[in-house]
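I have placed the structure first, in the form of C-alpha cells, so that the comments after it can refer back to it.
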Amino acid sequence: MVTWNNLDTLASFEELSKTDRVNLADVMSGENGAERVRNYSIPMAAGLAYNYAAKQVDDNVLAVLAKLAEEAQLTEKFKALYNGEVINTGEKRLVLHQLTRGQLGDAVVADGVDKRAFYVEQQEKIAEFANKVHAGEITNAAGEKFTTVVQIGIGGSDLGPRAMYLALENWAKKNNLFKMEAKFISNVDPDDAAGVLNSIDVAHSIFVLVSKSGTTLETLTNESFVKDALKNAGLDASKHMIAVTSETSPLAKSDDYLAAFFMDDYIGGRFSSTSAVGGAVLSLAFGPEVFAQFLEGAAEEDKLSTNEDLLKNPEMLDALIGVYERNVLGYPATTVLPYSQALSRFPAHLQQLDMESNGKSVNRFGDPVNYPTGPVIFGEPGTNGQHSFYQLLHQGTDIVPLQFVGFKNSQIGTDVVIQGSTSQQKLCANVVAQIVAFACGKADENRNKNFEGGRPSSIIVGDQLDPKALGALLAHFENKIMFQGFVWNVNSFDQEGVQLGKVLAKRVLAHETDGALKEFSNLLNI
C-alpha cells in the first residue's frame, strides 16, 4: 500500500542527514577521480549515459539514498501514476503524459475512454494531416503549399515545443527531413506577434492555436492579432488555422479551423511536448516519422524509470542526489548547462518544468512543509554561460550544483580545424575542463585567483543530439522532477501559483481596482 509522508518524517532521511560529507576535491583528484568517472555512470536510452562522478556522493551516501527511495516508495508511486491513479490531488486528476509515448502498465480508462488509444488516435490524425500538407493535398486558397507553421500558445504550449523544435532544426536540415520552418508566438506583448508576422509570408503559413480550455487570454489575444493580419492580406483565416485543444472547448468543433486535434486534462501544459501540443508543430516541421522517433526515445527512458534498482535508474538517482543537495547540503539552486547550441532553449523549458512543478510550500494534503522543496533553475548553453555567470558558480558564496549535457559529435557534421583541433573538440574540451575545475579547484596564494573547488556537477553524455536522444533527455528530466516531488510529498502536477496574477489582471482590465493595484494601473496608463 502506498503511503504519502513528509520527507522529514522518514528514518532514511535522518540517516542521510548524518552521513559523512564527501570531499569532492579529494575524491576527484588523481587516479581516484579517474576510477569514479569510469564507475559512477548509468546507461540511459538512445545511447545516452548519466555520469555522476563529480557529485558529492560515495558508496555510503548512495546506500542511504537507496533506502530513501525504498522508504519513500518511489517505484510504487510511479507505478500508481502510470496505472491511472489520481496523483494530481490539487485538481483531482490522473497524470498521463507518459501514455502519449507508451503503455508502461495497465490499460488506463478514464471518462469511459482507453487513454492510450485516444492519444495514439490523435497522433495518427496529426500524421495524416501533416502528410497531406507536405504532399500539397492541403494548401492555401491559391493551391500553393504551406511553407511555414506558426504555433500560438503560452507556457507549456510554447516553451517545450519551441525548445524541441530548435533542438532538431539543424539535425533535420542535415538529414533532409526539414519540411517547414516553425515560428512561435507566446507573449501577449504585441511586439512578439508583430515580430513573427513581419518575418513570414502569411499567405504560405499555417497557424496552430494551442489552448486546452479554449479560453487562455494571452493565446486568444494573439489569435486575434493573427486573424487581423490574415484578413488584411485578403486571406480567409479559417483556411490557415488549426486548433490543439480539448474535446469540450469552444474551439473543438469550430468552423474557424481547418482541423482540431485533442488533448485532455490529464496532461499538464509543461508535460505536453509529447502530446498533440508538440505533435502538431513538430510533425509539420519535420514529418511524423521524426516525431515518432522522439516519442520512442522518451518511451525507452520511461521504462528505465520503472527500475527498482537505484543504480540502474538514472532519473531516480538524479532526483535523489538533487534532494540530498537541496535538503542536506543546503544548495538553493541548480543550473542546467547544455554544451549544444541546439539545446539553447532547453534550460528555459526546464525552468517551467521544474519550478512550476515543485515550487510548492505545502504538501499533497495542503499542510505546510518544514523543509526546502524545488530549487531555482537557470541555465544557458555552453560556452556562452562560461562568459556570463560562471564567475559566481566558480567563486561565489553559494554553491550551485551543475547539470551538464554534452555530445561527442555535432548535428551538422561539418567543422573546421583551428590550432590543431576542431570546433566540436574545443566545445567538448571546455565541458570536460569545467567539470574538473568546479570539482577540484586550484589553490593560489592570490585569493582572487584561488578556486576552492567542491562544486558538484553531473553530465549526460551522448553521441549526437537526434530525435531519440532528445526524447530520452526530455523524459529524464520529467521523471526526475516527478520523483523529487514524491520525495518532498508535494503535488508536482498543479500550478495554482500561476492563477492569482491572472485574476488580478482581469480586474485591472475591467477597471475594478483600488489601492496599490489602481496606482500601478495608473502608472502604466491602463
Side-chain angles (χ1 to χ4, degrees), residues 81-82 84 87-88 91 93-104 108 110-111 113-130 149 151-165 167-168 182 184 186 208-214 216 219 242-249 251-252 259-286 288 290-299 301-302 349 352-353 356-357 467 470-475 477-479 481-482 492-493 495:
L81 182 150
Y82 63 69
I87 298 298
N88 179 351
E91 297 169 317
R93 291 174 180 168
L94 289 65
V95 177
L96 301 181
H97 53 274
Q98 279 94 359
L99 268 185
T100 62
R101 56 240 194 182
Q103 186 85 50
L104 287 174
V108 177
D111 308 322
V113 175
D114 181 318
K115 299 309 292 186
R116 173 62 184 159
F118 170 76
Y119 298 140
V120 170
E121 178 189 23
Q122 297 309 307
Q123 290 164 9
E124 290 172 347
K125 286 181 178 179
I126 289 168
E128 181 183 7
F129 182 86
V149 53
Q151 179 122 321
I152 308 168
I154 197 165
S157 301
D158 167 71
L159 286 165
R162 188 194 296 250
M164 302 309 122
Y165 170 77
L168 296 178
F184 296 83
S186 60
V208 184
L209 184 78
V210 184
S211 174
K212 186 189 300 183
S213 66
T216 310
T219 301
I242 63 175
V244 175
T245 189
S246 68
E247 288 182 292
T248 57
S249 94
L251 310 179
F261 307 109
F262 300 127
M263 52 179 166
D264 56 37
D265 283 336
Y266 307 124
I267 299 176
R270 58 192 175 277
F271 295 97
S272 66
S273 291
T274 53
S275 76
V277 174
V281 64
L282 296 177
S283 295
L284 285 165
F286 308 128
V290 171
F291 184 65
Q293 292 171 32
F294 171 61
L295 296 180
E296 185 180 349
E301 198 64 41
D302 285 340
H349 171 55
Q352 184 196 17
L353 187 63
E356 197 168 84
S357 294
L470 181 65
L473 192 64
L474 177 70
F477 284 101
E478 288 182 346
N479 294 338
I481 290 161
M482 171 195 69
S492 300
F493 304 104
Q495 56 284 328

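It should be emphasised that the depicted structure is a prediction, and the values quoted were computed from it without experimental measurement.
- A 4.5 Å side-chain heavy-atom check between F118 and L99 finds every atom pair outside the cut-off.
- Applying the side chain to side chain donor-acceptor pair (under 3.5 Å) criterion to T245, with sequence neighbours excluded, gives S249.
- Residues L282 and P161 come closest through the heavy atom pair CD2-O, 4.2 Å.
- Residues P288 and I126 form no side-chain contact, since every pair of their non-hydrogen atoms from C-beta on lies 4.5 Å or further apart.
- Legend: residues meeting ring-ring contact (aromatic ring centres under 6.0 Å, His included) with F286, ordered by chain and number and at least two apart, are Y165.
- The shortest distance between side-chain heavy atoms of F184 and V281 falls below 4.5 Å.
- Put simply, CG on L96 and OH on Y119 are 4.5 Å apart, with the number rounded to the nearest 0.5 Å.
- For the pair G153 and D158, the tightest heavy-atom approach, listed with the atom from each and the gap, is O-CB, 3.5 Å.
- Considering only residues two or more places apart in sequence or on other chains, E247 meets the salt bridge (charged side-chain N to carboxylate O under 4.0 Å, His left out) condition with none of them.
- Checked by atom type and distance alone, the side chain of Q122 pairs as donor or acceptor with a backbone atom of F262 at under 3.5 Å.
- At least one donor-acceptor pair closer than 3.5 Å links the side chain of D264 to the backbone N or O of Y266.
- Under the 4.5 Å side-chain criterion, counting only non-hydrogen atoms from C-beta, I87 is not in contact with M482.
- Rounded to the nearest 0.5 angstrom, L353 CG and L159 CG are separated by 10.0 Å.
- Between V277 and Q151, the closest heavy-atom pair is O-NE2, 3.1 Å.
- Atom CG of D265 is separated from atom OG1 of T248 by 7.0 Å, given to the nearest 0.5 angstrom.
- Remark: K125 engages no residue in a side chain to side chain donor-acceptor pair (under 3.5 Å) (not counting sequence neighbours).
- Legend: residues meeting ring-ring contact (aromatic ring centres under 6.0 Å, His included) with F271, ordered by chain and number and at least two apart, are H97, F493.
- A distance of 9.0 Å separates CG in L209 from OG in S157, rounded to the nearest 0.5 Å.
- Applying the side chain to side chain donor-acceptor pair (under 3.5 Å) rule to Q98 yields the partners N479; only residues at least two apart in sequence or on another chain are considered.
- Rounding to the nearest 0.5 Å places CG of L251 at 13.5 Å from NZ of K212.
- For residues 273-285, the set of pairs meeting the side chain to side chain donor-acceptor pair (under 3.5 Å) definition, not counting sequence neighbours, comprises T100-T274, R101-T274.
- Considering CD of E478 and CZ of R270, their distance stands at 10.5 Å, rounded to 0.5 Å.
- Nearest approach of A298 to A475, heavy atoms of both residues: O-CB, 3.6 Å.
- Looking at residues two or more places apart in sequence or on another chain, you find a side-chain contact (heavy atoms from CB on, under 4.5 Å) between A472 and A45, A46, L48, E301.
- For E91, the side-chain contact (heavy atoms from CB on, under 4.5 Å) partners two or more places apart in sequence, or in a different chain, are N88, R93, D494, Q495, E496.
- The shortest heavy-atom contact between V208 and A280 is CG1-CB, 4.3 Å.
- With sequence neighbours excluded, the residues satisfying side chain to side chain donor-acceptor pair (under 3.5 Å) with Q352 are E356.
- With sequence neighbours left out, S213 forms a side-chain contact (heavy atoms from CB on, under 4.5 Å) with S211, T215, T216.
- Residues passing the side-chain contact (heavy atoms from CB on, under 4.5 Å) test with D114 are A107, R116, A117, sequence neighbours excluded.
- Checking side-chain atoms of E296 against main-chain N and O of P467 turns up no donor-acceptor pair under 3.5 Å.
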